[in-house]
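Notes to accompany the following structure.
Quick caveat, the model's predicted, so the values are computed rather than measured. Within every chain, numbering begins at 1; the chains are lettered A, B, ... in the order of the sequence lines, protein sequences first and strands thereafter.
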There are 2 protein chains.
Amino acid sequence: MKGTGTGDLDQRKAYILATVVYEYIATGEPVGSQTLTQKYGLGISSATVRNEMAELEAAGYLVQPHTSAGRVPSDAGYRTFVDDLMAPEKLLFDERRRIRDELHDASRELDELIDSTSRLLGRLSNNLAFVTRPQPDSHEFRHIQLIWLTSRTGVGIVVTSLGVAAQSLFELTTDVKPDDMTRLSNALNVRLANHRLADIGEDDIAAAVAELQLSDDLRNAVVTALRSARSDEAPMVAAAGAQNLLDQPEFRDLRKLRSILRIVEEQKTLYDLVADAMAAEQPSVKIGHELQHDELVDLSVVTVPYRFGPHAVGMLSILGPRRMPYARLMALASGTAETLSERLSDVEIK
Amino acid sequence: MKGTGTGDLDQRKAYILATVVYEYIATGEPVGSQTLTQKYGLGISSATVRNEMAELEAAGYLVQPHTSAGRVPSDAGYRTFVDDLMAPEKLLFDERRRIRDELHDASRELDELIDSTSRLLGRLSNNLAFVTRPQPDSHEFRHIQLIWLTSRTGVGIVVTSLGVAAQSLFELTTDVKPDDMTRLSNALNVRLANHRLADIGEDDIAAAVAELQLSDDLRNAVVTALRSARSDEAPMVAAAGAQNLLDQPEFRDLRKLRSILRIVEEQKTLYDLVADAMAAEQPSVKIGHELQHDELVDLSVVTVPYRFGPHAVGMLSILGPRRMPYARLMALASGTAETLSERLSDVEIK
DNA sequence: GGTAGCACTCCTTGCGCTGGAGTGCTAGGA
DNA sequence: TCCTAGCACTCCAGCGCAAGGAGTGCTACC
């Protein structure tokens, strides 16, 4: 995409488009030719601007809500603005430090840390922020422990590189001694050391169980524990700041808000919005229709990956009105993602 | 409270009040004297009803939005209605079965089960539902396991009567052998068996550590594990269905909605709304000002406890417009609470 | 004590008007 | 050829006003 947008725009048109988007983002009012010449020193008359704007509209970058109104950017207009026209922003030193401080005060427990991050970003961005949780699939195996409760029940605990991923209660049909569980746990710990969770096969487990001559029951317990560690049932996404959206004029229509609240509760849809950015491990901006969701046509999402070691393990996103300060929000998301990534190293179990 | 409300109301006034509340809940429009005589066979003229309504207003049960409008119940009117006038409802057999089915399909893991319950109740009630999580303080100790990761790090797992309450990573300043952790775990398991978490003192732990001649480091690890088990950092409340509130005409004013969304995100405030009902272990209805929250004056909350064994361990609540179908929502909440209580026995670790 | 009748109040809705912001077009100038 | 000044036109937002209607309180009567 990058760079393709301005091909058919001369410098003046590009500047006018950028100014219209900028002004519209700032005020929320359709931008007229006079505003443009008066507020920004263009050195040309409003009539000229009008001609240019008419052409920009014909080319699909601007839209007129009604005949006697100013112009408003179209999806394409925003897209060009984001890709080619806007100046990237940087966070102030103070802001950067505040993010750092807040996240360093947050819990070292992964889930809590993600929750805090989403709340922080919601507050800073004044929009709806959401953060996908690292999928345990990509974590490394560290330790498994079968805990004996009674001769026929126990709990399986799996510790991964990012903390305790799951616990699962199991019931057996034959009696088992505490020692059996310990021996099996030890054997598995050796055998599975440093595997990625996704790479652990059932045959690894079966082999360990067979070697120690233990029951299939126990094997199933281990398989279940590992499976539940991989497909953690916890919500996939932490979201915060929905109430910020209420300030935006685009929500005078309550139905829009309703669908958004529903989407936030239905974690899946929220996750899907950023799934491809996640796959690409790249920052991404999606504007209006690009979200492929009828209910979200006048919203946009800014997404930035955060890393654990060399890999992107999750995304940090801001959902807000299409008329959002893109550069600012990208800076915020990036800064927060960076700090979160650092923090994850602290969380890591080595 | 019960029974005090109708002292100063003769039967006819009581019936008129009940009808006004009923009709207002159904339609959302202020109720006039004609509506009352026409829709409900009162056997008296509208003029008489007007006189009665004027007296009910003077007595504080009704309110007139403006001179030429019908009447609307005041907080006191709703209170009397709820305490003395309304007919309790029961769930249909089918509804009861549906609740049972849905909760039986839900996860056996405590947090998940509470989440599912709040979503179910939100959906059924068409309002905002929230469910407080059992506070681990009241759970019984079942098992502790210190898991050796390296000679100076480990994870402490505490299993309680309602599942795995917490895990906490610890770091030691002196080297420890896996066997030390096992021996300490075993000693603690014997010593703490069946204690309530709240009853476990640091001296119990110190004694076990001393007996085995282990380091203070390890003692601290255990203390931390138990403390984090008790004050679980997980959100206190699961909430669902906020979007349902948007349908209510009382939310044409967006500021109200804003504060509610904020309150839902700030779990604490939500919890405080039902804290006293929780302490009393009794169902409760709070109407308007009774919520002691300026932003919630035209809302009400219906709350019902759910049990684990003999004790109420949490509350199941519905937050909606003051103009809510109280009897219906109480029936829904009670039915759901009952089923949830049953399910908790399944979750229990014996 | 209950009721019919009536004047009165006040909200809601719809309508037309006006002011203003912004446009597109045309004609003239650099 | 490109830019600009001028102008007629469009359309929305806001306002005031009138009509309609629901509901009341009061009075007089049964």
Side-chain angles (χ1 to χ4, degrees), chain A residues 8-17 19-24 26-74 77 249-250 252-253, chain B residues 8-17 19-24 26-74 77 249-250 252-253:
Chain A
D8 48 344
L9 294 184
D10 59 41
Q11 207 181 344
R12 192 170 70 184
K13 277 206 182 57
Y15 185 69
I16 289 178
L17 174 55
T19 315
V20 169
V21 177
Y22 183 86
E23 175 73 9
Y24 183 63
T27 65
E29 300 291 320
V31 183
S33 54
Q34 267 197 60
T35 320
L36 233 49
T37 48
Q38 283 172 6
K39 268 185 137 176
Y40 304 84
L42 292 188
I44 48 175
S45 79
S46 66
T48 310
V49 174
R50 278 202 288 285
N51 287 329
E52 295 285 44
M53 292 208 297
E55 287 179 41
L56 281 167
E57 183 173 0
Y61 295 102
L62 295 178
V63 170
Q64 219 173 356
H66 58 85
T67 327
S68 66
R71 296 321 204 282
V72 160
S74 68
E250 21 273 287
R252 269 165 306 186
D253 180 359
Chain B
D8 49 344
L9 294 184
D10 60 40
Q11 208 181 344
R12 192 169 70 184
K13 277 205 183 57
Y15 185 66
I16 288 178
L17 174 56
T19 315
V20 169
V21 177
Y22 183 87
E23 175 73 9
Y24 183 62
T27 66
E29 300 291 321
V31 183
S33 54
Q34 267 197 61
T35 320
L36 234 48
T37 48
Q38 281 172 8
K39 269 184 135 174
Y40 304 84
L42 292 189
I44 48 177
S45 78
S46 68
T48 310
V49 173
R50 278 201 289 284
N51 288 329
E52 294 284 44
M53 291 209 295
E55 288 180 41
L56 281 168
E57 183 173 2
Y61 295 102
L62 295 178
V63 170
Q64 219 174 356
H66 58 83
T67 329
S68 66
R71 296 321 204 284
V72 162
S74 67
E250 20 274 285
R252 269 165 306 183
D253 180 1

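- One can place CD of B/E57 at 10 Å from C1' of D/dT24, the figure rounded to the nearest angstrom.
- Looking only at side-chain heavy atoms (C-beta outward), B/V21 and B/Y61 stay at 4.5 Å or farther from each other.
- Few gaps surround OH on A/Y24; more than 12 heavy atoms of other groups in view lie less than 6.0 Å from it.
- Annotation: of the two residues near DNA chain C, B/T67 and B/S46, the 5′-most nearest-nucleotide partner is B/S46.
- Counting any heavy atom pair closer than 4.0 Å across all strands shown, B/A47 reaches a base atom.
- Picking from C/dC10, D/dG25, C/dG22 the nucleotide with the shortest atom distance to the side chain of B/A54 gives D/dG25.
- Among C/dT23, C/dT3, C/dG2, the nucleotide with an atom closest to any side-chain atom of A/Q64 is C/dT23.
- The nearest whole Å value for the distance from the CG atom in A/D10 to the C1' atom in D/dT1 is 15 Å.
- Rounded to whole Å, the distance from CG on A/L36 to P on C/dA21 is 16 Å.
- Of the listed nucleotides (D/dG25, C/dT3, D/dG23), D/dG23 has the atom at the smallest distance from the side chain of B/S68.
- Partners of B/T27 by side chain to side chain contact (heavy atoms under 4.5 Å, CB included), not counting sequence neighbours, listed by chain and number: B/E23, B/E29, B/K39.
- The stretch residues 59-68 of chain B participates, sequence neighbours left out, in no salt bridge (Lys or Arg N to Asp or Glu O under 4.0 Å) pair at all.
- The nearest whole Å value for the distance from the NE2 atom in A/H66 to the P atom in C/dG22 is 10 Å.
- Residue B/T48 places its side chain closer to C/dG2 than to any other of D/dC3, C/dG22, C/dG2.
- Set against C/dA4, D/dT4, D/dC7, the side chain of A/I44 has D/dT4 as its closest nucleotide.
- Remark: P of C/dG1 and CD of B/Q11 are 18 Å apart, rounded to the nearest angstrom.
- Atom P of nucleotide D/dA22 and atom CD of B/E23 are separated by 15 Å, given to the nearest angstrom.
- Here the C1' atom of nucleotide C/dG2 and the CD1 atom of B/I16 are 12 Å apart, to the nearest Å.
- Residues B/L56 and B/R71 fail the side-chain proximity criterion, which asks for heavy atoms closer than 4.5 Å.
- The side chain of A/T35 lies closest to C/dG22, out of D/dG6, D/dC11, C/dG22.
- When heavy atoms are screened at a 4.0 angstrom cut-off, A/S33 is found touching the sugar-phosphate backbone but no base atom.
- The distance between atom CE of B/M53 and atom P of D/dA22, rounded to the nearest whole Å, is 15 Å.
- Taking every side-chain heavy atom of B/R12 into account, C/dG2 is the closest of C/dC10, C/dG2, C/dG24.
- Nearest to the side-chain atoms of B/R50 among the listed nucleotides D/dA5, D/dG25, C/dG24 stands D/dG25.
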